[in-house]
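Structure first, then comments.
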Amino acid sequence: MEERRGNIKAENEMNINMKEEQSTFDWRGRPSNPNKHGGFQAASFVLGLQAFEIMAIAAVGNNLITYVINEMHFSLSNSANIVTNFVGTIFLLALLGGYLSDSFLGSFWTMLIFGFVELSGLILLSIQAHVPQLKPPKCNMVTDGEKCEEAKGVKGLIFFVALYFVALGSGCVKPNMIAHGADQFNIQTKKLSTYFNAAYFAFSVGELIALTLLIWIQTHAGMYVGFGLSAAAMAMGLITLVSGTLYYRNKPPQGSIFTPVAQVLVAAILKRKQICASNPNSNCSMHQTQRFRFLDKACIKNEYGNNRRKESPWRLCSVSQVEKVKILIAVIPIFGCTIVFNTILAQLQTFSVQQGSAMDTQLTNSFHIPPASLQSIPYIMLIFILPLYHKFFVPFATNITGHESGISPLQRIGSGLFLATFSMISAALLEKKRRESALHSGKTISIFWITPQFLIFGLSEMLTAVGLIEFFYKQSLNGMQAFFTAITYCSYSFGFYLSSVLVSLVNKITSASSNAGGWLSYNDLNKNRLDLFYWLLAVLSFLNFLNYLFWARWHSHHSSPPPQPTALSKDGGYENIP
């Protein structure tokens, strides 16, 4: 019996892989050849783009708060919100990139078009940083903060236009890099999981170069040079992408991906009073899952007198169409549980950088560590850990669990969410130590004390980010892979927006309850209570982990194999293909 099940599973996987090969095309629109197109050879060009793109955007985003404060003269809290809103917008616009790719343009053209948009924004940022007339007059925000002129009018307009050109381009490129690279493999092959780990390795390499070399250049040669190098890196990424054109297998756009979803919802509402189980003309079948049974009513066929005729697609939907909508709804709680996780990530790119600025950054007599480069710590670790994870942990765990990736994507996400709590605990303890040393003994502690919070979160992000992308991509929604990948980036967006809301809310509440000002009201960290804010995030993170355990168990309990393909029956309705 077990051997028979194994044979059936192998046969189903082979059929799925054959269908995937038949539905992909080369750059001329001809059916792809598995001997010439796809695989790691094609994916390597996409990985190159990913490394260069993250190199460009990370060098901008991770040191942006320093530029906004020192050059644009915004306050600390406003600068933190500008950075988090910028990063949040990048990831929110990933939904637009996923939609345009799956519906109209395809992944390759979406990356190429919006890659040039991102490049334009980076060039404009570099020009503004270089030309004094396009910036406010120089001023020391620490000593003369209230007298400094904030960037307004044309200067502010140029800054925000350039910034959000970068956000639009990067947002639309990001989900398509992952989706286009994954499209080079069959969804049932083990190589797909290897690719996701390789994609995060490329991401880590790009981040590491940005957070060390590029940020060091920004600090010592000027922000305009740093922005210019980011533009050069993005240009190299686009050249790498185009170089792989002959090797890609491309999935064609499917038309509007929202229309089938809307049809199911409309049909289910129109037939809300009908009963699926007892209806003799029901198209409901054993292949349907038991969750969200209300949507099954979209499958009920109607009779018109003695004649049966084909119904409108807005009144009758296929089983697979309904199941796709169910999958889309079912992943929302998993998505929601990663928002707090990304709120923690926002702190490492804003307040933790400011923490580093208030510490002793001297490494040698002539070398000081740029505070923004602190974020390179987890990526140095990950460059070594990721190959070891794939080489040793995955085979070891596979022997125990039987899962091809060692542990399931949901287990990987949960492990990362659990570790994120300890990153905030470490940050809170460090900030308490740093603040007390500065206030009570006048000492500035070494910047190396900040290392644990970055190391813990780096490991946490490796588990959560890769697990989330793999989980969403493998949801078997043909024609929606780029959009589903974009949903994972949307989690980053909501996390960064939540960070802005929390900062403002905490400031408002703590300012009203204390005459000493809010926890995050001052530009001087020694006057703030950043440690208490980190403790608040640690509590939220742990509660979020408990919430995730509930929804992960619910999703696993209600998960089912992908629905069977459907076709039109002779009478105009829909039926399953056995």
Side-chain angles (χ1 to χ4, degrees), residues 62-70 72-85 87 139-148 150 340 343-361 370-372 374-375 421 423-447 449-454 457 495-541:
N62 289 308
N63 205 26
L64 184 61
I65 190 168
T66 303
Y67 178 73
V68 173
I69 292 174
N70 296 337
M72 297 291 111
H73 302 159
F74 290 97
S75 67
L76 174 60
S77 59
N78 285 341
S79 297
N81 285 343
I82 287 172
V83 173
T84 52
N85 288 340
V87 178
C139 181
N140 191 320
M141 282 292 288
V142 176
T143 58
D144 305 312
E146 296 181 357
K147 299 178 182 178
C148 293
E150 190 177 281
V340 172
T343 299
I344 293 173
L345 174 62
Q347 312 319 311
L348 299 184
Q349 294 188 5
T350 52
F351 289 120
S352 290
V353 174
Q354 292 306 110
Q355 263 186 302
S357 300
M359 301 170 77
D360 182 7
T361 61
L374 291 169
Q375 297 165 84
T421 302
S423 174
M424 284 296 94
I425 292 174
S426 174
L429 293 174
L430 165 72
E431 176 58 17
K432 187 174 187 297
K433 177 180 177 63
R434 186 208 64 78
R435 186 172 180 271
E436 288 181 349
S437 295
L439 293 177
H440 299 152
S441 59
K443 294 181 179 179
T444 303
I445 64 174
S446 171
I447 199 170
W449 282 95
I450 208 170
T451 302
Q453 68 200 59
F454 284 97
F457 191 83
F496 276 73
Y497 285 136
L498 177 60
S499 174
S500 297
V501 172
L502 276 177
V503 169
S504 300
L505 191 61
V506 165
N507 259 341
K508 184 176 181 180
I509 294 174
T510 54
S511 296
S513 61
S514 172
N515 294 327
W519 288 356
L520 306 169
S521 297
Y522 302 100
N523 290 333
D524 184 357
L525 279 183
N526 292 332
K527 297 180 181 179
N528 290 333
R529 293 307 306 270
L530 184 59
D531 55 328
L532 298 181
F533 182 64
Y534 281 150
W535 278 114
L536 173 63
L537 287 174
V539 172
L540 289 177
S541 178

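Everything quoted here is computed from the prediction, not taken from an experiment.
Among residues two or more places apart in sequence or in another chain, the side chain to side chain donor-acceptor pair (under 3.5 Å) test is passed with Ser426 by none. Not counting sequence neighbours, the partners of Thr421 by the side chain to side chain donor-acceptor pair (under 3.5 Å) test are Ser541. The side chain to side chain donor-acceptor pair (under 3.5 Å) test applied to Lys432 returns Glu436, not counting sequence neighbours.
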**Steps toward side-chain contact (heavy atoms from CB on, under 4.5 Å) verdict (Leu540, Leu502)** = CA-CA 11 Å; Leu540 289 177; Leu502 276 177; 4.2 Å; yes
**Message:** Walk me through whether Trp535 and Leu429 qualify under side-chain contact (heavy atoms from CB on, under 4.5 Å).
**Reply:** CA-CA 9 Å; Trp535 278 114; Leu429 293 174; 3.8 Å; yes
**Message:** Please evaluate residues Phe496 and Val83 with respect to the criterion side-chain contact (heavy atoms from CB on, under 4.5 Å), reporting the C-alpha separation (whole Å), side-chain torsions for both, the decisive distance (0.1 Å), and the verdict.
**Reply:** CA-CA 9 Å; Phe496 276 73; Val83 173; 5.8 Å; no
**Message:** Is there a side-chain contact (heavy atoms from CB on, under 4.5 Å) between Leu520 and Phe351? Walk through the geometry before answering.
**Reply:** CA-CA 10 Å; Leu520 306 169; Phe351 289 120; 4.0 Å; yes
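Separating the CG atom in Leu532 from the OG1 atom in Thr510 is a distance of 9.5 Å, to the nearest 0.5 Å. In this structure, Leu525 CG and Gln355 CD are separated by 7.0 Å, a value rounded to the nearest 0.5 Å. Summarising the geometry, atom NZ belonging to Lys508 is positioned 8.0 Å from atom CG belonging to Leu505; distances are rounded to the nearest 0.5 Å. Note that CD1 of Ile65 is 9.5 Å distant from CG of Asn81, once rounded to the nearest 0.5 Å. The distance from the CH2 atom of Trp449 to the OG1 atom of Thr451 is 10.5 Å, given to the nearest 0.5 Å. Taking CD of Gln453 as the reference point, atom CD1 of Ile344 lies at 11.5 Å (rounded to 0.5 Å).
The two residues Gly495 and Thr343 make their nearest non-hydrogen contact at O-OG1, 2.9 Å. For the pair Met359 and Ile447, the tightest heavy-atom approach, listed with the atom from each and the gap, is CE-CA, 3.8 Å.
Arg434 places no side-chain N or O within donor-acceptor distance of the main-chain N or O of Gly356, the cut-off being under 3.5 Å. Not one N or O on the side chain of Asp531 forms a donor-acceptor pair closer than 3.5 Å with the backbone of Glu431. In this structure, Thr444 contributes its side chain and Asp360 its backbone to no donor-acceptor pair below 3.5 Å.
Within a 6.0 Å sphere centred on CH2 of Trp519, other residues, nucleotides and ligands contribute more than 12 heavy atoms.
Residues Leu430 and Pro452 have side chains not in contact (no heavy-atom distance under 4.5 Å, counting atoms from C-beta outward).
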